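Please read the structure below before turning to the comments.
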Protein chains: 2
Amino acid sequence: MSLPSRLEKMCLDKGLQMTGPRRVIAAVLSEFADHPDVEQVHQRAVLLDKNISIATVYRTVRLFEEAGILERHDFREGKARYEEVPLQHHDHLIDLKTNAIIEFQDEQIERIQKEIAQKFGYTSVDHRLELYGIPAENSEKK
Amino acid sequence: MSLPSRLEKMCLDKGLQMTGPRRVIAAVLSEFADHPDVEQVHQRAVLLDKNISIATVYRTVRLFEEAGILERHDFREGKARYEEVPLQHHDHLIDLKTNAIIEFQDEQIERIQKEIAQKFGYTSVDHRLELYGIPAENSEKK
DNA sequence: TTATATGCAAAGCTTTTGCGCTGGC
DNA sequence: GCCAGCGCAAAAGCTTTGCATATAA
């Protein structure tokens, strides 16, 4: 918790003021490779600094998202989940049985998406692709 | 407003009890080809029956969604939007400048999505693909 | 020092729910 | 007549915000 996290470095690149709470929240988000919701981020942050309030977590993840260093996801649960902007873009496959989240990349899909936007006269600035699946019967379970 | 809407027929097929409010909400959702949120559905329903409450609209769209005759969308506005389950599946391109919603279909993407799920040992039961774009000429100007 | 960030609590928004009454079947 | 559905209002769940204080630069 003393070394600056990858996210903290990105904050500095963006010229964000690095306060105590922001450093802790950045560290927490860098450390975990899952997709925590705000309450989970807060719970983890409080372990490092028990004074951090949930309001600050909300303000900070919004700030980080607007700075382009965090991605917000909504997996249809009525609340947001966050992850570091990944080095390489990926989409998500959600296991409806276990709620596991599997990340994947597909060049073809990325290319076709751009083409579709172009076809309608748009420049694609963002997209969201989520697959919802159940374990196939005839393959081994994880 | 006296003829049964397409949605009302689908309700009957599913064995849902057709009350006054449900008939009105089904008609309203069948009549408009856009993607109204719950408040808009309610506003339109009230024109036909001023006693319909927003609670009933919430209950009804949830019922319809669970019956598989309505699709719920979340276009990152913090509230749900609904549309009739379409005759042919389509995805959405959202114009970030005007909030226009453009529907499109792409066979290739559908096929690749199934393949990806398979590759990870899943059967794809649902997916969500949204493209967010800005008009191409605008992006040139900036 | 001075602007910005924080903590706390209150409020905002969308959505759900408890309850007594209404109305389809 | 019964039981599901309805309207109303209250509440739940997530998120934002006003304000006084604390802190980074």
Side-chain angles (χ1 to χ4, degrees), chain A residues 4 7-9 11-29 35-67 69-82, chain B residues 2 4 7-8 11-29 35-67 69-82:
Chain A
L7 216 37
E8 183 174 340
K9 289 175 191 149
C11 289
L12 295 171
D13 282 350
K14 299 280 180 180
L16 298 181
Q17 187 177 138
M18 282 321 287
T19 64
R22 287 184 186 174
R23 233 183 292 271
V24 167
I25 292 166
V28 155
L29 282 160
H35 303 73
D37 59 37
V38 170
E39 197 183 328
Q40 290 172 319
V41 173
H42 182 231
Q43 285 170 359
R44 293 167 186 177
V46 162
L47 298 178
L48 301 177
D49 174 353
K50 68 178 176 49
N51 291 317
I52 291 175
S53 76
I54 190 115
T56 295
V57 178
Y58 272 107
R59 280 189 277 237
T60 303
V61 292
R62 184 148 62 115
L63 177 77
F64 286 2
E65 191 203 349
E66 283 164 1
I69 62 180
L70 263 195
E71 264 181 21
R72 182 174 32 139
H73 299 294
D74 158 27
F75 297 135
R76 287 179 160 157
E77 310 159 295
K79 62 189 169 185
R81 292 181 173 273
Y82 291 87
Chain B
S2 43
L7 217 37
E8 183 174 339
C11 288
L12 295 171
D13 281 351
K14 300 279 180 180
L16 299 181
Q17 186 176 140
M18 284 320 289
T19 64
R22 288 184 185 172
R23 232 182 293 272
V24 168
I25 292 166
V28 155
L29 282 160
H35 303 73
D37 59 36
V38 170
E39 197 183 330
Q40 290 171 320
V41 173
H42 182 231
Q43 284 170 359
R44 293 168 186 177
V46 162
L47 298 178
L48 301 178
D49 175 352
K50 68 178 174 49
N51 290 318
I52 292 176
S53 76
I54 189 112
T56 294
V57 178
Y58 272 106
R59 281 189 275 237
T60 303
V61 293
R62 185 148 61 115
L63 178 78
F64 286 2
E65 192 205 347
E66 282 163 3
I69 62 180
L70 263 194
E71 263 181 21
R72 181 174 34 141
H73 299 295
D74 157 26
F75 297 136
R76 288 180 159 156
E77 310 159 294
K79 61 188 170 188
R81 292 181 174 275
Y82 290 87

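Just so it is clear, the structure is predicted and the values come from calculations on it, not from any experiment. Residue numbering restarts at 1 for every chain, and letters A, B, ... go by the order of the sequence lines.
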OP1 or OP2 of [N] less than 4.0 angstrom from a side-chain nitrogen or oxygen of [X], does that happen here?
{"X": "B:Tyr58", "N": "C:dT15", "result": "yes"}
{"X": "B:Thr19", "N": "D:dC6", "result": "yes"}
{"X": "A:Arg72", "N": "D:dT15", "result": "no"}
{"X": "B:Ser53", "N": "D:dC8", "result": "no"}

Just how far, in rounded Å, is [atom2] of [N] from [atom1] of [X]?
{"X": "A:Glu66", "N": "D:dT15", "atom1": "CD", "atom2": "C1'", "result": "14 Å"}
{"X": "A:Gln40", "N": "D:dC14", "atom1": "CD", "atom2": "C1'", "result": "14 Å"}
{"X": "A:Glu77", "N": "D:dC14", "atom1": "CD", "atom2": "P", "result": "10 Å"}
{"X": "A:Glu39", "N": "D:dT15", "atom1": "CD", "atom2": "P", "result": "10 Å"}
{"X": "B:His42", "N": "C:dT16", "atom1": "NE2", "atom2": "C1'", "result": "15 Å"}
{"X": "B:Glu8", "N": "C:dG24", "atom1": "CD", "atom2": "P", "result": "13 Å"}
{"X": "A:Ile52", "N": "D:dA22", "atom1": "CD1", "atom2": "C1'", "result": "14 Å"}
{"X": "B:Asp49", "N": "D:dG7", "atom1": "CG", "atom2": "C1'", "result": "11 Å"}

Do [X] and [Y] make a side-chain contact, defined as non-hydrogen atoms from C-beta onward lying under 4.5 Å apart?
{"X": "A:Leu70", "Y": "A:Leu7", "answer": "yes"}
{"X": "B:Gln17", "Y": "B:Arg22", "answer": "yes"}
{"X": "B:Pro36", "Y": "B:Val28", "answer": "no"}

Nearest listed nucleotide, side chain of [X], among [options]:
{"X": "A:Lys79", "options": "D:dC14, C:dC8, C:dT6", "answer": "D:dC14"}
{"X": "A:Thr56", "options": "C:dG7, C:dT15, D:dG7", "answer": "C:dG7"}
{"X": "B:Ala55", "options": "C:dT17, C:dC8, C:dT6", "answer": "C:dT17"}

Sugar-phosphate only, base, or nothing, as touched by [X] at under 4.0 Å among non-hydrogen atoms:
{"X": "B:Arg59", "result": "base"}
{"X": "A:Ile54", "result": "nothing"}
{"X": "A:Asp37", "result": "nothing"}

Original post:
On DNA chain C, nearest-nucleotide positions of A:Leu63 versus B:Gln17: which is more 5'?
Top reply: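 Counting from the 5' end, the first nearest nucleotide belongs to A:Leu63.
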**OP:** Take B:Met18 and B:Tyr82, find for each the nucleotide of DNA chain C with the closest heavy atom, and name the residue whose nucleotide sits nearer the 5' end.
**Re:**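 Mapping each residue to its closest nucleotide by heavy atoms, the 5'-most match is B:Tyr82.
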Subject >> Short side-chain to backbone donor-acceptor contact, A:Gln40 and A:Asp37, under 3.5 Å >> reply: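 Yes: the side chain of A:Gln40 pairs with the backbone of A:Asp37.
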Original post:
Is there a donor-acceptor contact under 3.5 Å from the side chain of B:Arg81 to the main chain of B:His35?
Top reply: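 Judged by distance alone, yes, a pair lies under 3.5 Å.
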Subject >> Passing candidate, side-chain contact (heavy atoms from CB on, under 4.5 Å) with A:His42, options A:Thr56, A:Val57, A:Val61 >> reply: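 That would be A:Val57.
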Subject >> Polar pair under 3.5 Å, donor/acceptor by atom type, side chain B:Arg22, base C:dG24 >> reply: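 Between C:dG24 and B:Arg22, which were checked side chain against base, a qualifying N/O pair under 3.5 Å is absent.
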